[in-house]
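Worksheet: the structure to be examined is printed underneath.
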2 protein chains.
Amino acid sequence: MCAAPAKTSDADIVAAARAVIAARGLDALSLQQVAAAVGIKTPSLYKRFDDRAALLAAVQDDVLLELARVLGDAAASGSTPQDGLHAMGRSYRAFAATHARLYPLLFGSSEPSPAARAAIAPVMTALIALLGAPLALPAARTLTAFLHGFVTMELSGNFQMGGSIDDAFDFGLDAVMRGIGAHIMRTVS
Amino acid sequence: MCAAPAKTSDADIVAAARAVIAARGLDALSLQQVAAAVGIKTPSLYKRFDDRAALLAAVQDDVLLELARVLGDAAASGSTPQDGLHAMGRSYRAFAATHARLYPLLFGSSEPSPAARAAIAPVMTALIALLGAPLALPAARTLTAFLHGFVTMELSGNFQMGGSIDDAFDFGLDAVMRGIGAHIMRTVS
DNA sequence: ACCTGAACACCGTTCAAGT
DNA sequence: ACCTGAACACCGTTCAAGT
């Protein structure tokens with residue numbers, strides 16, 4: 001029933017694709033390189049992944065799961081929800097810097113994935129503890145929008161007016177955290 | 001000296017490329033389509049633009065100049081710097097929604113362009129008036145990071161947890177504005 | 001069941017040749 | 001000066017054929 005033994009595996013292919021993207025960027029990824037890296041020919045990839053987009057989605061999941069672990073660790077490192085959120089914000093930026101060429105992949109596709117849910121879960125948990133359920137969702141969107149926007153612009157070189165980008169991030173993270181907190185103060189009073 | 005009269009112009013080519021991207025998206029753009037739209041053959045494009053990237057940069061400039069005008073109008077519509085900034089934030093999101101498939105082009109390249117400077121100029125002016133020069137730069141980066149991140153995630157369909165995205169944007173813009181203001185209050189006191 | 005060679009329709013880009 | 005035909009080196013994808 002198995003005349004041709006498998007030369008590789010789904011996980012090997014994902015790892016090879018991830019390595020190519022990490023080294024040369026998403027645009028430079030070709031299925032030929034991935035196939036060659038795992039020792040098969042290009043058409044064989046289609047036995048395991050529907051198309052290029054499906055392979056990229058698998059790599060995206062792989063990276064998102066790693067991000068979820070990093071953010072979970074950061075959340076656990078804080079003694080208060082505020083501390084945890086601050087640590088997650090800093091870890092997020094550090095993760096993006098470490099995986100600069102992988103990062104654009106994270107927001108490429110739009111289908112809801114368990115990996116994406118896992119990545120935002122610790123943020124939601126901390127915000128629910130801090131602000132309560134009704135405000136946690138818009139607050140999470142505000143925080144993730146800031147983090148994603150900042151990191152994207154930083155990695156793309158879009159901060160071109162000089163000054164310290166580290167300082168801008170610290171300023172911005174503080175401002176967003178305070179803005180979120182100020183809002184609950186005002187609506188509660 | 002001019003044996004072959006020009007069938008088209010740089011501006012025509014940029015307009016055609018912009019129209020294709022607006023209709024079908026950046027990934028679907030091919031130089032063949034652009035050339036056909038202006039009535040020439042593909043290789044002729046290389047007499048006017050170095051390569052595909054140069055053409056995209058020209059389209060990016062075209063869109064950025066339009067954005068600069070929209071933001072300038074919004075800034076002028078506010079009677080206070082705060083009002084102007086709020087209006088710019090809302091106009092920015094509206095601009096992105098109207099030009100959804102063009103928007104990803106704006107943050108693609110990283111070379112500093114006069115058009116990009118023109119687009120952020122009204123934001124910087126309002127923030128200098130509001131916070132003073134030293135804080136204006138990190139505040140501008142915080143605000144633009146939030147706006148760009150929010151709009152990117154919204155357009156990519158990355159807000160997948162239900163709830164009103166309009167409400168989240170209003171909440172977030174208020175929070176960021178308040179966070180920026182709160183910071184100056186604290187450092188000034 | 002997994003892999004491959006060959007083919008298809010497309011890309012961006014170059015360049016000698018036309019007018 | 002501007003345009004074109006032909007060619008080049010690449011893509012992603014399909015499919016019949018091998019084992």
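All chains are named by letter (A, B, ...) in the order of the sequence lines, taking the proteins before the strands, and each is independently numbered beginning at 1.
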Quick check on contacts: within residues 40-60 of chain A, what sits under 4.0 Å from DNA chain D by heavy-atom distance?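 The stretch gives A/Thr42, A/Pro43, A/Tyr46, A/Asp51, A/Arg52 as the residues lying under 4.0 Å from the strand, ordered by number.
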
Which residues, if any, of residues 26-37 of chain A bring a heavy atom under 4.0 Å of DNA chain D?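 Contacting residues: A/Leu29, A/Ser30, A/Leu31, A/Gln32.
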
Quick one: side chain to side chain donor-acceptor pair (under 3.5 Å) pairs with a partner in [range], sequence neighbours left out?
{"range": "residues 19-29 of chain B", "value": "B/Arg24-B/Gln33"}
{"range": "residues 35-55 of chain A", "value": "A/Asp10-A/Arg48"}
{"range": "residues 125-150 of chain A", "value": "A/Tyr103-A/His148, A/His148-A/Thr152"}

For the aromatic rings, using the six-membered ring if either is Trp, is the centroid distance between A/Phe159 and A/Phe150 under 6.0 Å?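 Ring centroids of A/Phe159 and A/Phe150 are less than 6.0 Å from each other.
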
Contact class for B/Ser9 vs. all strands (heavy atom < 4.0 Å): base, sugar-phosphate, or nothing?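 Answer is nothing: B/Ser9 stays at 4.0 Å or more from every strand.
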
With sequence neighbours excluded, residues passing side-chain contact (heavy atoms from CB on, under 4.5 Å) with [X]:
{"X": "A/Ile128", "answer": "A/Met124, A/Ala136"}
{"X": "A/Asp83", "answer": "A/Ser79, A/Thr80"}
{"X": "B/Ala116", "answer": "B/Leu64, B/Ser113"}

Within the distance-only criterion (no hydrogens, no angle test), does the side chain of A/Ser91 pair as donor or acceptor with the backbone N or O of A/Met88 below 3.5 angstrom?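 No, because the side chain of A/Ser91 does not come within donor-acceptor range (under 3.5 Å) of the backbone of A/Met88.
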
Identify, residue by residue, the members of residues 11-20 of chain B with a heavy atom below 4.0 Å from DNA chain C, and return them in order of residue number, or none.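 Contacting residues: none.
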
Mind checking ring pair (Phe, Tyr, Trp, His ring centres under 6.0 Å) for A/His99 and listing every partner two or more places apart, or none if nothing turns up?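 Result, ring pair (Phe, Tyr, Trp, His ring centres under 6.0 Å) vs A/His99: A/Phe95.
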
Counting Watson-Crick and G-U wobble pairs with both distances under 3.5 Å, what is the dot-bracket string for DNA chain D, 5' to 3', using [ ] for crossing pairs and | for pairs to another strand? ||.|||||...|||||.||

Do B/Phe171 and A/Leu137 come close enough that some side-chain heavy atom pair is under 4.5 Å?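 Sidechains of A/Leu137 and B/Phe171: no contact.
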
Tracing side-chain links under 4.5 Å among I, L, V, M, F, W and Y, which residues wind up in one group with B/Leu65?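 None; B/Leu65 is a cluster of one.
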
Basic-acidic side-chain contact under 4.0 Å: B/Arg93, B/Asp166: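 Salt bridge flag = yes for B/Asp166 with B/Arg93.
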
